Amino acid sequence: MHIVKQLMAIPGVIAAGEFAYRGDRFSYEGALTAEFARMASILCRSNTMSVNMQSEIFDSFAENCGCRPVQGWIVRGGQATVCNIGNYFAFIENRPELLNDVMTIMRAKVGDIGDDLLVSLYARIGGDVKEALY
Amino acid sequence: MNLDQLMDLPGALAAFSYTDKGDLKDHRVREGSEITAQVLDLLAHSCVANMAVATLEARGWESLTGQKGFEPLQGFSIVGLEWSAVVNGKCGVVMKNRDVNYEAAFNAIQACEAA
C-alpha cells in the first residue's frame with residue numbers, strides 16, 4: 001500500500017503527503033485544501049533543506065557523528081504534530097503512542113535517506129551541485 | 001527532570017541544557033558515544049534557530065489556515081541517520097534511533113523545562 005494511504009488509515013492522522021525534492025510537485029490526502037497542501041509541501045521541503053544544511057555543519061566538526069544524512073524532523077505542537085521523513089509528511093493529532101507509531105511506519109516504509117538528498121534538493125540552483133556540495 | 005534523568009530515557013546518548021542564545025550550559029554524554037560537547041553546542045544553537053522558525057511557521061499556519069493546535073510548541077526533533085535529538089527551549093536529549101521513544105522524550109524535556 002502507498003505510504004500516504006497507509007498513514008491515512010491510522011486514526012488521528014489529519015493529513016499526509018509527498019513532495020518532490022525539486023520542489024515542483026506534491027500530492028496529499030486528508031483534511032487540507034490543495035492550496036494548504038502546497039504550502040505544507042513548501043514548508044516541509046524548506047525545513048528539510050535547513051536541517052540538512054545544519055547536519056553538514058555538525059559533520060564538518062565531528063565526522064561520522066551519526067547525524068548525516070538527516071532522515072527527517074518533527075515539530076511537536078500543543079495538540080498536533082508535523083512529522084517529516086524524506087519527502088513524506090504527516091500532520092497528526094497528539095494522541096498517546098500515535099507519534100511513535102507514525103514515525104515507525106514512516107521510517108520503515110520510506111527507508112533510509114541517502115546522501116543524494118541534498119543534490120536533489122539543490123537541483124534547481126544549477127551548475128555542478130554535486131561537486132559544490134561534496 | 002534533570003539531565004541525569006534524561007539520560008535514563010531508552011537509548012539516550014547525550015543530554016544537554018542551553019541558554020536562550022543556544023550556548024551549551026551543561027551536558028552529559030554516554031561513554032563510547034561519538035557525540036562531542038562541540039557537536040552538542042552546535043546542536044543547541046540549531047535547536048534555538050529551529051524552534052524559532054517552527055514557531056514562526058506554526059503561527060503563520062494557524063493564521064492562514066484557521067487550523068489550531070500547533071501553538072504553543074512543545075518541541076522539535078531532528079532525526080539523523082543513527083540518532084535523533086529532541087529539544088524544547090532549554091533542554092535536549094539525543095537518543096539512538098533504534099531505541100527512541102519520541103513521545104516519552106517530548107514529555108521528559110517538557111518536565112525538564114519546568115524544573
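Small disclaimer: the values here were computed from a predicted structure and weren't measured. Letters go in sequence order (proteins before strands), and every chain restarts at 1.
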Under 4.5 Å from any heavy atom of chain B - which part of [X]:
| X | answer |
| --- | --- |
| A:Asp59 | neither |
| A:Ala31 | backbone |
| A:Glu97 | both |

Is A:Ile57 linked to B:Val48 within one hydrophobic cluster, defined over Ile, Leu, Val, Met, Phe, Trp and Tyr using a side-chain heavy-atom separation of less than 4.5 Å? yes

Does any donor atom in the side chain of [X] or [Y] lie under 3.5 Å from an acceptor atom in the other side chain?
| X | Y | answer |
| --- | --- | --- |
| A:Trp73 | A:Thr48 | yes |
| B:Asp41 | B:His27 | no |
| B:Gln74 | B:Asn107 | no |
| B:Asn97 | A:Gln71 | no |

Among A:Gln54, A:Arg76, A:Gln79, single out the residue with the greatest number of heavy-atom pairs under 4.5 Å to chain B. A:Arg76

Out of A:Asn100, A:Asp112, A:Thr104, which one racks up the most heavy-atom pairs below 4.5 Å with chain B? A:Asn100

Quick one: which of B:Leu64, B:Leu73, B:Thr65, B:Thr55 has the most heavy-atom pairs under 4.5 Å with chain A, could you say? B:Thr65

State whether B:Glu82 and B:Lys96 are salt-bridged, where the test is any N-O pair (Lys NZ or Arg NE/NH1/NH2 against Asp/Glu carboxylate O) under 4.0 Å. no

For B:Val94, which atoms come within 4.5 Å of any heavy atom of chain A: side chain, backbone, both, or neither? neither

Contact origin within B:Phe76 toward chain A - heavy atom pairs under 4.5 Å: both

Would you find more than 12 non-hydrogen atoms of other residues, nucleotides or ligands less than 6.0 Å from B:Arg30 atom CZ? yes

Which heavy-atom pair separates [X] from [Y] by the least distance, and what is that distance?
| X | Y | value |
| --- | --- | --- |
| A:Ile92 | A:Cys83 | CD1-SG, 4.1 Å |
| A:Asn52 | A:Ser55 | O-OG, 2.9 Å |
| A:Ser50 | B:Asn50 | OG-OD1, 4.3 Å |

Taking only heavy atoms into account, what residues of residues 11-21 of chain B are found under 4.5 Å from chain A? none

